[in-house]
**Student:** 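Once you've had a glance at the structure underneath, I'll fire off some questions.
Because the structure is a prediction, the values reported are computed rather than measured. Indexing begins at 1, ligand by ligand and atom by atom, following the structure's order. Basis for what follows: all heavy atoms, side chains included, without hydrogens, waters or symmetry-related copies.
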Amino acid sequence: MLKIGITGGIGSGKTTICMVFETLGIPVFYADTVAKTIMTTDPILMKGVKDTFGEESYFDDGKLNNKYIASIVFNHQEELAKLNALVHPAVFRAFDQWVEQIPKNSPYCLKEAALLFESGSYQMCDKNILVTAPYNLKISRVTQRDAVTEEQVKARMDKQFTDEQKSKMADFFIENNEKKSIIQQVLNLHEQFLKL
Ligand code: ATP
């Protein structure tokens, strides 16, 4: 199965673009959503979290103690790196399992991840797409979508690679600047992927 990674900065519109690919029947794995789900379903991951951060990482009913985990990793790079070292391999496992069950006649599949390049998971995809958008447009999209301030969006952006850094690792690009048609750009890429 041909695996195409797709990423972009916060508010670039990668999820929106993936929804267009889905209308073409392309299966999409949303890594960030899965990363949240597996915190309470993957036994290897859960054991790793408890061993690393303590039993209080989970409530008695099995739910994740989000506030506790956030208080440990927030602004603590070493602790965040430990959490990522547990979560990223678990997402890779989930992706491999997911690929096994998608219809065999799918021409390719997409893996959408905010930190595709930062996590190194782009190396496990055959090709990678970067979705770009102007800085101010990204900020206004996110402040309109989420209950967050401009400063909070900028702080989240600072933790991601810049588009310039990411563009060196990408094979394909989609400009989601609300000037170029995203449907046309998706169709163009789709045609190219069918030939790979
Ligand atoms: P995040 O990394 O925060 O999850 P994202 O890159 O997945 O963001 P989306 O959630 O797809 O971005 O888009 C952010 C917001 O901008 C959404 O509310 C979406 O509806 C809107 N948006 C994205 N692209 C467009 C577009 N071309 N035209 C109008 N609105 C758009």
**Student:** Identify the heavy atoms of Thr40 and Leu64 that sit nearest to each other, and give their distance.
**Tutor:**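 Smallest heavy-atom distance, with atoms named: CG2-N, 3.8 Å.
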**Student:** Could a heavy atom of Ala133 be found less than 4.0 Å from some atom of ligand 1?
**Tutor:**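 No, Ala133 has no heavy atoms under 4.0 Å from ligand 1.
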**Student:** Considering the heavy atoms of Gly9, write down every atom of ligand 1 situated less than 4.0 Å from one of them.
**Tutor:**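 Numbered from 1, ligand 1 contributes 6 (O).
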**Student:** Rounded to the nearest 0.5 Å, what separation is found between the CZ atom of Phe29 and the CD1 atom of Ile102?
**Tutor:**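 Reported value, rounded in 0.5 Å steps: 10.5 Å.
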**Student:** Hey, is ligand 1 close enough to Thr16 that some N/O pair sits below 3.5 Å?
**Tutor:**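 Looking only at distances, the answer is yes, because the N/O contact criterion of under 3.5 Å is met.
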**Student:** In Å, rounded to the nearest 0.5 Å, how long is the span from CG of Asn128 to CZ of Phe173?
**Tutor:**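 Those atoms lie 10.0 Å apart.
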**Student:** Determine whether the side chains of Gln165 and Thr162 contain a donor N or O and an acceptor N or O closer than 3.5 Å.
**Tutor:**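 Note: Gln165 and Thr162 side chains meet the donor-acceptor criterion.
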**Student:** Please list the nearest protein heavy atom to atom 4 (O) of ligand 1 with its residue and the distance rounded to 0.1 Å.
**Tutor:**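 Among all protein heavy atoms, the one nearest atom 4 (O) of ligand 1 is Arg145 NH1, 3.5 Å.
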**Student:** Heavy atoms only: which of Met19, Lys138, Lys14, Arg141 is nearest to atom 22 (N) of ligand 1?
**Tutor:**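 Residue with the shortest heavy-atom distance to the ligand atom: Arg141.
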**Student:** Can you sort out which atoms of ligand 1 are near Ile10, meaning under 4.0 Å from one of its heavy atoms?
**Tutor:**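 Near Ile10, meaning under 4.0 Å from one of its heavy atoms, ligand 1 has 2 (O), 3 (O).
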**Student:** Show the numbers, then the answer: is there a ring pair (Phe, Tyr, Trp, His ring centres under 6.0 Å) between Phe53 and Tyr68?
**Tutor:** CA-CA 9 Å; Phe53 301 114; Tyr68 171 74; 7.8 Å; no
**Student:** Could you tell me the residue and atom name of the protein heavy atom closest to atom 29 (C) of ligand 1, and the distance to it rounded to 0.1 Å?
**Tutor:**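 Sorting protein heavy atoms by distance from atom 29 (C) of ligand 1 puts Glu178 OE2, 3.5 Å first.
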**Student:** With respect to Gly13, determine whether any N or O atom, backbone or side chain, lies less than 3.5 Å from an N or O atom of ligand 1.
**Tutor:**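 Right, the criterion is met.
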**Student:** Assess, by modelled atom type and distance only, whether the side chains of Thr7 and Glu112 contain a donor and an acceptor separated by less than 3.5 Å.
**Tutor:**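 No, no side-chain donor-acceptor contact under 3.5 Å.
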**Student:** Is the terminal nitrogen or CZ of Lys127 (NZ for Lys, CZ for Arg) located under 6.0 angstrom from the six-membered ring centre of Phe193 and within 45° of that ring's axis?
**Tutor:**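 Geometry flag: not set, cation outside 6.0 Å or 45°.
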**Student:** Would you call Gly11 a ligand 1 contact, heavy-atom distance under 4.0 Å?
**Tutor:**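 Flag set, Gly11 near ligand 1.
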**Student:** Heavy-atom contact check, 4.0 Å cutoff: does Ser12 meet ligand 1?
**Tutor:**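 True for this residue.
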**Student:** Quick check: Phe161 with Phe117 (ring centres under 6.0 Å apart)?
**Tutor:**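 Ring-ring flag for Phe117/Phe161: false, centres at least 6.0 Å apart.
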**Student:** Are any of the heavy atoms in Asn176 under 4.0 Å away from ligand 1?
**Tutor:**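 True for this residue.
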**Student:** Can you sort out which atoms of ligand 1 are near Thr15, meaning under 4.0 Å from one of its heavy atoms?
**Tutor:**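 Going through ligand 1 atom by atom, the ones under 4.0 Å from Thr15 are 7 (O), 11 (O).
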